[in-house]
J.: 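First the structure, then my questions, so here it is.
First listed ligand is number 1; within each ligand, the first listed atom is number 1.
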Amino acid sequence: MNTRCGYVAIIGRPNVGKSTLLNRLLGQKISITSKKPQTTRHNLLGIKTTGDAQVLFVDTPGIHSNEPRAINRYMNRAALSALRDVDVVLFLIDREKFSEDDEKVAELFRNAHGHKILVINKIDLMSNKSTLLPMLQKLQVAFPEASLVPVSAEKGVNLEELEKVIVSGLPESPFYYDEDQVTDRSERFLVAEVIREKLMRQLGDELPYSLTIQVDRFEEDEKIAHIDATIFVEKDGQKRILIGKSGEKLKRVGTDARTDIEELLQKKVMLNTWVKVKSGWSDDERAIKSLGYDDV
Ligand SMILES: Nc1nc2c(ncn2[C@@H]2O[C@H](COP(=O)(O)OP(=O)(O)OP(=O)(O)O)[C@@H](O)[C@H]2O)c(=O)[nH]1
Ligand SMILES: [Mg+2]
């Protein structure tokens, strides 16, 4: 039997649903998601092996044109690097809005190598389904080389069709990874991401962009994992907001994170979190490197 295997980059502006789609396709949550744009900061490999195909999905940070800080430039760099040596490119857009950032990604998509698939996401939100066909026709003219697939990542609509189109774009090749492997990222990395997700979801608009997580201790035996993590923010005021009245806010974040980490590691988890101020880390090239933003 000839097997197929190759890399599939998932690109798009922030918030179109790239990470939601990855998790859905894998049938397992490895990538964090939230209502806020710029949730994903790192490229994340998600491996799906079924029958004679192994798909190596790369979820990427949303490409954006407003790049005020070093961390934003790192995120865009990461997304761009995913397009190198890729076999299939999935360009995700939201059903109706086509913004300046979408244009920017569209340009990269047009110039990309590999099979091109334009994925129109969130079709569950289309109130008038009769607008879908004319929209697809317009998009096909704008992207003549691309296969068009409308989906709902959240509701799982039309994903089998999408997978078929993806697999048909993969080259014949032996598998690169073990069949039961889901990602190449460490549990330590995934744990830090879960904590960041709970913070993204529970905090107001500005603060999430000023924080980053470092796992200081990760020790486990068969039954229990002991995890210590530091949440870095940029200002004293942010630390106060984050801790909240008598530590309530942080406690809620910790409880939510622990539940997800227990699910991830399949064991009991003792999680301790601290908040520290690291002034200006997000716009400091050296600081972001030392905080793990160093792989592109
Ligand atoms: N209704 C609906 N919501 C969706 C769908 N897909 C994703 N969402 C929501 O859109 C929001 C953004 O989803 P993410 O998966 O975090 O988006 P992303 O493209 O990874 O965003 P960044 O990581 O910031 O680039 C979340 O609130 C999702 O629940 C969909 O098919 N339908
Ligand atoms: Mg994402």
J.: Cation-pi between Arg185 and Phe189: NZ/CZ under 6.0 Å from ring centre and within 45° of the ring axis?
T.: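 Yes - Arg185 lies over the ring of Phe189, closer than 6.0 Å to its centre and within 45° of its axis.
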J.: Enter the distance from Ile30:CD1 to Ser19:OG here, rounded to the nearest 0.5 Å.
T.: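 Ile30 CD1 to Ser19 OG: 9.5 Å, rounded to 0.5 Å.
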J.: Enter the distance from Lys278:NZ to Lys239:NZ here, rounded to the nearest 0.5 Å.
T.: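 Between Lys278 NZ and Lys239 NZ, I get 13.5 Å after rounding to 0.5 Å.
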J.: Is there a side-chain contact between Glu172 and Thr3 in this structure, where contact means two heavy atoms from C-beta onward sitting under 4.5 Å apart?
T.: no
J.: Would you please write out the protein residues whose heavy atoms approach any atom of ligand 1 to under 4.0 angstrom, listed by chain and number?
T.: Pro14, Asn15, Val16, Gly17, Lys18, Ser19, Thr20, Thr33, Ser34, Lys35, Pro37, Gln38, Thr39, Thr40, Gly62, Asn121, Lys122, Asp124, Leu125, Ser152, Ala153, Glu154
J.: How are the rings of Phe98 and Phe143 set relative to one another: parallel (under 30°), tilted (30 to 60°) or perpendicular (over 60°)?
T.: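 The arrangement is tilted - the two ring planes meet at 30° to 60°.
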J.: Rounded to 10 degrees, what angle sits at the Mg ion (ligand 2) between Ser19 OG and Thr40 OG1?
T.: 90°
J.: What class does the angle between the rings of Phe109 and Phe91 fall in, given that below 30° is parallel, 30 to 60° is tilted and above 60° is perpendicular?
T.: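 Because their plane-to-plane angle lies in the 30° to 60° range, the rings of Phe109 and Phe91 count as tilted.
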